Amino acid sequence: MDSYKPREIEQKWQRCWEEQMQFRSERDPARPKYYVLEMFPYPSGKLHMGHMRVYSIGDVLARFLRMRGYNVIHPMGWDAFGLPAENAAIENRISPAVWTEKNIAQMKEQQKQLGVSYDWEREVNTSHPDYYRWTQWLFLLMYRRGLAYKKKAPVNWCPSCQTVLANEQVEGGACWRCATPVETRELSQWFLKITDYAERLLKDLSKLTGWPERVKIMQENWIGRSEGSEIQFGIKEFPELELRTFTTRPDTLFGVTYMVLAAEHPLVRRLVAGTEREKEVLEFVERVRRENEIQRTSAETEKLGVFTGRHAINPVNGEAVPILVGNYVVMGYGTGAVMGVPAHDQRDFLFARKYGLPIRVVIQPPGENLSGDTMEEAYTGEGILVNSGSFNGLPNREAMKKITEYLREQGKGDFKVTYRLRDWLISRQRYWGAPIPIIYCDRCGTVPVPEEDLPVELPLEVELSGSRVPGLEHYPSFVETSCPSCGGPARRETDTMDTFICSSWYFLRYTSPGYTQAPFDKKEADYWMPVDQYIGGIEHAVLHLLYARFFTKVLYDAGLVQVEEPFSRLLAQGMVYKDGAKMSKSKGNVVSPDEIIERYGADTGRLFILFASPPEKDLEWSDQGVEGCHRFLRRVWRLVKEGRALADGERDAAVMGKEEKELRRIIHSGIKKVTEDIQERFNFNTAISAIMEMVNAAYNYLHEREKGGHHPAVWREALESIVLLLAPFAPHLAEELWSSLGHRESVFFQPWPEYDPQLLRREEVEIVIQINGKVRGKMTVPVDCSQEELVELARGHQRIGELLQGKEIRRAVAVPGKLVNLVIG
RNA sequence: GCCGGGGUGGCGGAAUUGGCAGACGCAAGGGACUUAAAAUCCCUCGGGCCGUGAGGCCCGUACCGGUUCGAUUCCGGUCCCCGGCACCA
């Protein structure tokens, strides 16, 4: 018999699939559609195990759903802009575009070797002008809708990447890409107004029933909604000014004994201008601003404040309290001004003790009498208002409402919802990105590039002699242009867009990748969207997944798409580990998909990666585990190749005996389990183990019937079921075995096998007999025994009878098909 | 600090509705085949105890308690690990 040669058969079937364009997808209103999508990769040039894992998961689903009769779209493309191409450009003296193209070609080849069933006609590349033209078009759409704006603001700057970063790209005060601590710089930059969508992005999370809870919670935390009140204080020394503050505890307003401003607060300079405190305060402000993000946002940093010499007027009691500037108040949240209520906020309490500020109790816990002089920590719980004028005696919950309503009547405040989410900073001071389509004219100001002039193309002749790829400001032919409005001389914006913009809409482009009239053809998008199953790493929980939701909502509002959410179901796959650590070059524990394919074939690699762990959990790589999966595939190969002759025997001569019934029972319950495990639970690991059990059962049958007498039809059903169920996991092997069973057509054109519920039934079942909950015996009984009969049979069981001698049965519980439990005294 | 997720053999993991804990695989040990090796096949495989044996008993799903005829599963509490958020007013 010919032996299993994975490389040969894999190449053979990959060629066949490609020639027949088997995975091509077209609109077909007659069939239910299904959009399977894996997060597209950055073209680094080499697939790693994480890639192999995500593509294996997606491909099982795509192939399974096709066999289930769905019209499946399964596309792939390239998130091709970004910094690594620039670094590689300098290192290898090769232009980012050429480097990227080369990598794409390599990775695409590897994906093909994995046997992933992509519709390559839908491939997209975000760095291609045909694509980024529409990224720019979408930027202009945002601009027209008032969602793109430029402002000077303190922004995160990564000194190593030499560019600004979005908040989402700063992790613990460091750059998400290179881990360098970020600095704060005051720069004029482009932002997208994602905060306008904060409420909807939060609220619609509840619609995403197919998303993992943890991802939704991460987004919820990131958006950070908090309800409170905005309150306007007066300023004693400047009656014409007011000081707005946000608080979640308006019930403590009478307990305010000071006010703290952020160093960046716009009123600070004005408050101290020309006073004796000016120097001290401005020095403090400078010192605070020089600190980096990590120092400034650490809860451990000592809280410092400096008095401005000015006083805020409390709108409810007219009291004047000192205004300080503090290092712990951030300008980006609320109003950049915090009212200090030391009696009822622990941080304020410590601050007040440190600087000798008064502590006034305004909420009394039930049955206690706190005093500001003696309390050892702030009281933050519920209670009754005291020292609060006409609000005395109110429960504090009620007072929150009453006090805010009072302020509203006085024109001094209102209810207010505040979010942690900030606007999305999208400018990048880098070459390899989609240019922001904006022109600056001395006469007309900021002018958007007219749609018909898109794309604003990147200059492709890149200067590679320096230590970094020069930014667009170094290309006079790019910068110098004429104003679309007045025709006069003008300059182009030289910043490019954050690559996360490119990836915020690519799933829409797949629906009509060649479309030239708009980013996508609405009728195609309306047919294919939403993505039914999205698969990718958890690291994008608040980056890509939030941005893509935002873009989709904007497009929905503009009437360009029918869906408000892009991804119905999300699978966040776990990471691949080896020897307890994430695979990395520095740890030397990397196993590359290439070497696995080379040695065992893609089918073995796919099978192992799916078998070793459920997809959402981290996976521990095991060379021996791979070996085991390879053994299994060889076992399947032999089973079918050796057993196929037995499947064509004389049908009528065969007897349907106990062995046949048992084999059919295992085959049909296997079909049930594999189907449900893939479809409902993504438990590919247990689906595979069910197939292994089917294979074991087939070998057992073969041994039992060694002396001839196989039932050809039953045997054929067993072999074909195994091959069909294995097809999504090990597609090449399945094709090969399917054809050797005498079929001309691809296994993927076969309908998914159905199970017969009748065949799952056993005629006899083993029943466990328990006494007081402990297993004391077993018996085999007809499957339809009633509860009463079971109890009687159990009493009659020899060993049980002995144990029951002289004991009284106080209670008997019988579960048909499972057990009998006798409770004795 | 707040919010999630988790803790099961030597290992990866299973137990889907509260019903025999450890499916399936890996590793390990023993055996068959072979001149030998590879490959393949068969057996054992949570711990302890009793028994010559067939077999039997006890313990065991992080820990303590509860509900229940019966708990890996439900409830209360504790410990530990992983992840997210965090001077957020």
Side-chain angles (χ1 to χ4, degrees), chain A residues 3 171-172 212-226 228 245-249 252 259-260 262 296-304 326-330 332-341 345-348 350-351 418-420 538-539 541-542 577 607-608 611-614 616-629 631-632 634-635 638 673 676-677 680-681 683 685-696 699 703 766-778 799 809-815 817-824:
Chain A
S3 65
E171 291 171 353
E213 208 54 38
R214 59 176 168 152
V215 175
K216 288 193 277 186
I217 284 163
M218 281 162 79
Q219 292 210 356
E220 204 176 302
N221 287 342
W222 189 260
I223 295 167
R225 183 182 199 271
S226 91
T245 180
F246 173 77
T247 179
T248 52
R249 293 296 304 272
T252 64
M259 183 71 78
V260 192
R296 276 196 75 173
T297 57
S298 163
E300 278 82 58
T301 304
E302 195 186 9
K303 285 146 198 60
L304 300 172
N327 64 344
Y328 68 93
V329 178
V330 294
Y333 186 76
T335 62
V338 179
M339 60 186 219
V341 187
D345 179 282
Q346 184 59 19
R347 192 192 49 204
D348 292 352
L350 295 172
F351 191 78
T418 297
Y419 300 91
R420 209 192 74 97
I538 187 75
E539 67 274 17
V542 284
Y577 285 79
L607 194 77
F608 168 73
F611 179 60
S613 177
E616 65 281 3
K617 280 187 68 171
D618 289 339
L619 180 154
E620 175 73 25
W621 186 267
S622 154
D623 291 332
Q624 284 157 334
V626 177
E627 210 48 81
C629 285
R631 262 199 305 267
F632 169 69
R634 279 208 310 261
R635 207 163 128 82
R638 285 197 318 273
K673 179 155 177 62
E676 290 172 357
D677 277 351
E680 284 152 39
R681 290 182 282 274
N683 285 354
N685 54 333
T686 51
I688 293 166
S689 66
I691 301 174
M692 288 172 169
E693 286 178 84
M694 293 165 76
V695 171
N696 291 344
Y699 271 106
H703 291 152
E766 192 178 55
I767 297 284
V768 169
I769 308 169
Q770 298 180 335
I771 291 176
N772 290 349
K774 292 194 186 300
V775 180
R776 285 295 179 267
K778 289 176 185 181
R799 198 174 117 71
I809 298 182
R810 291 207 301 214
R811 186 169 173 181
V813 182
V815 183
K818 297 249 159 85
L819 58 73
V820 175
N821 189 12
L822 304 173
V823 185
I824 60 176

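What you see is a predicted model; the values in this text were computed from it and never measured. Residue numbers start from 1 in every chain, and the chains themselves are labelled A, B, ... in the order their sequence lines are given, proteins ahead of strands.
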Here the distance between atom P of B:U17 and atom CD of A:E680, to the nearest Å, is 11 Å
Checklist entry - Does B:C69 have OP1 or OP2 sitting under 4.0 Å from an N or O in the side chain of A:R811? => result yes
When rounded to whole Å, the CD1 to P distance for the pair A:I767 and B:G70 reads 20 Å
RNA chain B nearest-nucleotide lookup for A:E693 and A:N327: closer to the 5′ end is A:E693
When rounded to whole Å, the CZ to C1' distance for the pair A:R681 and B:U16 reads 5 Å
Is the phosphate of B:G5, meaning OP1 or OP2, less than 4.0 Å from a side-chain N or O of A:K216?
no
For A:N221, the side chain to side chain donor-acceptor pair (under 3.5 Å) test, sequence neighbours excluded, returns none
Encoded 5' to 3' (Watson-Crick or G-U under 3.5 Å; [ ] crossing; | other strand), RNA chain B becomes (((((((..(((......[....))).(((((.......))))).(((((....)))))..(((((..]....))))))))))))....
Whole-Å P distance, B:U73 and B:U8: 14 Å
Check nucleotides 11-14 of chain B for protein N or O atoms closer than 3.5 Å to its own N or O atoms and list the pairs.
residue	atom	partner	partner atom	Å
B:G12	O2'	A:A612	O	2.4
B:G13	OP1	A:S613	OG	3.3
B:G13	O3'	A:N685	ND2	3.3
B:A14	OP1	A:N685	ND2	3.2

- Item | Spacing of the C1' atoms in B:G22 and B:C11 (rounded, Å) | 13 Å
Check your understanding: Step by step, would you call A:F351 with A:V338 a side chain to side chain contact (heavy atoms under 4.5 Å, CB included)?
Key -> CA-CA 12 Å; A:F351 191 78; A:V338 179; over 6 Å; no
- prompt: Hey, are the side chains of A:T252 and A:M339 touching, using non-hydrogen atoms and a 4.5 Å cut-off?
  reply: yes
Under 4.5 Å between any side-chain heavy atoms of A:I538 and A:R214, yes or no? yes
Problem - CA sep, side-chain torsions, deciding dist, call: A:V768, A:V820, side chain to side chain contact (heavy atoms under 4.5 Å, CB included) - result: CA-CA 6 Å; A:V768 169; A:V820 175; over 6 Å; no
What protein N or O atoms touch nucleotides 51-54 of chain B N or O atoms at under 3.5 angstrom, if any, and at what distances?
none

Relative to its sugar, using the 90° cut-off around 0, the base of B:G77 is anti
Quiz item: Ignoring hydrogens and geometry, is there a side-chain-to-backbone donor-acceptor pair from A:D345 to A:D348 under 3.5 Å?
Solution: yes
- prompt: Do any N or O atoms from the side chain of A:T248 and from the backbone of A:G228 form a donor-acceptor pair under 3.5 angstrom?
  reply: no
* **Pair A:N821-A:R811, side-chain donor/acceptor within less than 3.5 Å** => no
Quick note, salt bridge (Lys or Arg N to Asp or Glu O under 4.0 Å) partners involving residues 215-225 of chain A, not counting sequence neighbours, are A:E199-A:R225, A:E213-A:K216, A:R225-A:E227
Taking the P atom in each of B:G10 and B:C79, what is the distance between them to the nearest angstrom?
26 Å
From CZ of A:F608 across to P of B:G25 the rounded distance in Å is 15 Å
Which of B:G25, B:C26, B:A89 is nearest the side chain of A:Q624? It is B:C26
message = Under 4.0 Å, counting only non-hydrogen atoms across every strand here, what does A:N772 touch: a base, just sugar-phosphate, or nothing?
response = nothing
Can you find a side chain N or O atom of A:R776 that sits less than 4.0 Å from OP1 or OP2 on B:G70? no
Given 3.5 Å as the limit, does a donor-acceptor pair link the side chain of A:E766 with the main chain of A:K778, or not?
no
Contacts of A:I217 and A:G332 projected onto RNA chain B by closest heavy atom; the upstream (5') one is A:I217
- [ ] Report the C-alpha separation of A:F611 and A:M692 in whole Å, then their side-chain angles, then the decisive distance to 0.1 Å, and conclude whether the side chain to side chain contact (heavy atoms under 4.5 Å, CB included) test is met.
- [x] CA-CA 11 Å; A:F611 179 60; A:M692 288 172 169; 3.8 Å; yes
Problem set entry | Stacked cation flag A:R635 on A:Y699, 6.0 angstrom / 45 deg | yes
When rounded to whole Å, the OH to P distance for the pair A:Y333 and B:C88 reads 9 Å
Sequence neighbours excluded, the answer for side chain to side chain donor-acceptor pair (under 3.5 Å) partners of A:Y333 is A:S226
Report each atom pair, protein N/O against N/O of nucleotides 18-22 of chain B, whose distance is under 3.5 angstrom.
residue	atom	partner	partner atom	Å
B:C20	O2	A:K778	NZ	2.8

Nearest-angstrom distance, P atom, B:A21 to B:G70: 14 Å
For A:K303, the side chain to side chain donor-acceptor pair (under 3.5 Å) test, sequence neighbours excluded, returns none
- Side chain to side chain, A:Q770 and A:V775, heavy atoms closer than 4.5 Å: yes
**Q.** Separation of the C1' atoms in B:A27 and B:C20, to the nearest angstrom
**A.** 27 Å
- prompt: For A:R810, does the CZ atom sit with more than 12 other heavy atoms under 6.0 Å from it, leaving out its own atoms?
  reply: no
| task | Kindly say whether A:G334 contributes a backbone atom to a donor-acceptor pair with the side chain of A:T418 at under 3.5 angstrom? | result | no
With the criterion being N/O to N/O and under 3.5 Å, what pairs connect the protein with nucleotides 47-50 of chain B, and how long is each?
none

_For a quick test of reading the model: is some side-chain N or O of A:S226 closer than 4.0 Å to OP1 or OP2 of B:A89?_
yes
Discussion item. With rounding to the closest Å, how many angstrom separate the P atoms on B:G51 and B:C57?
Written reply: 16 Å
Those residues at least two apart in sequence (or on a different chain) that pass ring-ring contact (aromatic ring centres under 6.0 Å, His included) with A:F632 are none
Between CH2 of A:W222 and C1' of B:G84 the distance, given in whole Å, is 10 Å
Between B:U72 and B:U16, how far apart are the C1' atoms? Round to whole Å, please.
14 Å
Atom CD of A:E539 and atom P of B:C82 are separated, to the nearest Å, by 19 Å
Rounded C1' spacing from B:G60 to B:U52 in Å
29 Å
When you measure from the side chain of A:N327 to the backbone N and O of A:L304, does any donor-acceptor pair fall under 3.5 Å?
yes
Query - Sugar-phosphate only, base, or nothing, as touched by A:G224 at under 4.0 Å among non-hydrogen atoms - result: nothing
Hey, what are the protein-to-nucleotides 39-41 of chain B N/O distances that come in under 3.5 Å?
residue	atom	partner	partner atom	Å
B:A39	O3'	A:R634	NH2	3.3
B:U40	OP1	A:R634	NH2	3.0
B:U40	O3'	A:R638	NH2	3.2
B:C41	OP1	A:R635	NH1	2.6
B:C41	OP1	A:R638	NH2	3.4

Sorted by chain and residue number, the side chain to side chain donor-acceptor pair (under 3.5 Å) partners of A:R249 (sequence neighbours excluded) come out as A:D251
With sugar-phosphate meaning primed atoms plus P, OP1 and OP2, does A:V542 contact a base, only sugar-phosphate, or nothing at under 4.0 Å between heavy atoms?
nothing
